[in-house]
Amino acid sequence: MGWSYRKRIKVIPGVHLNISKSGVSTTVGKRGASVNFSSRGTRINNNWVSLFKKLF
């Protein structure tokens, strides 16, 4: 079995530093509505689509 490491550090409210064995990334925003910047690129996390599916 392989090993994994993950740590999330709050820098200021709404900004987190994510550390894992594959690298470091930064997340800005609230959970469900955030932007993640890493060496793999930029990702947008938006859960409004899943909320819309639950309502209708």
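Only a predicted model underlies this, so the values are computations on that prediction, with no experimental measurement involved.
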J.: If you count every heavy atom of other residues, nucleotides or ligands that lies below 6.0 Å from K21 atom NZ, does the total exceed 12?
T.: yes
J.: Return the set of residues passing side chain to side chain donor-acceptor pair (under 3.5 Å) with R43 (not counting sequence neighbours), or none when no residue passes.
T.: none
J.: Taking only residues two or more places apart in sequence or in another chain, which ones pass side-chain contact (heavy atoms from CB on, under 4.5 Å) with N18?
T.: R8, H16, S25, T27, N36
J.: Please check if atom CD1 in I9 has more than 12 non-hydrogen atoms from other residues, nucleotides or ligands closer than 6.0 Å.
T.: yes
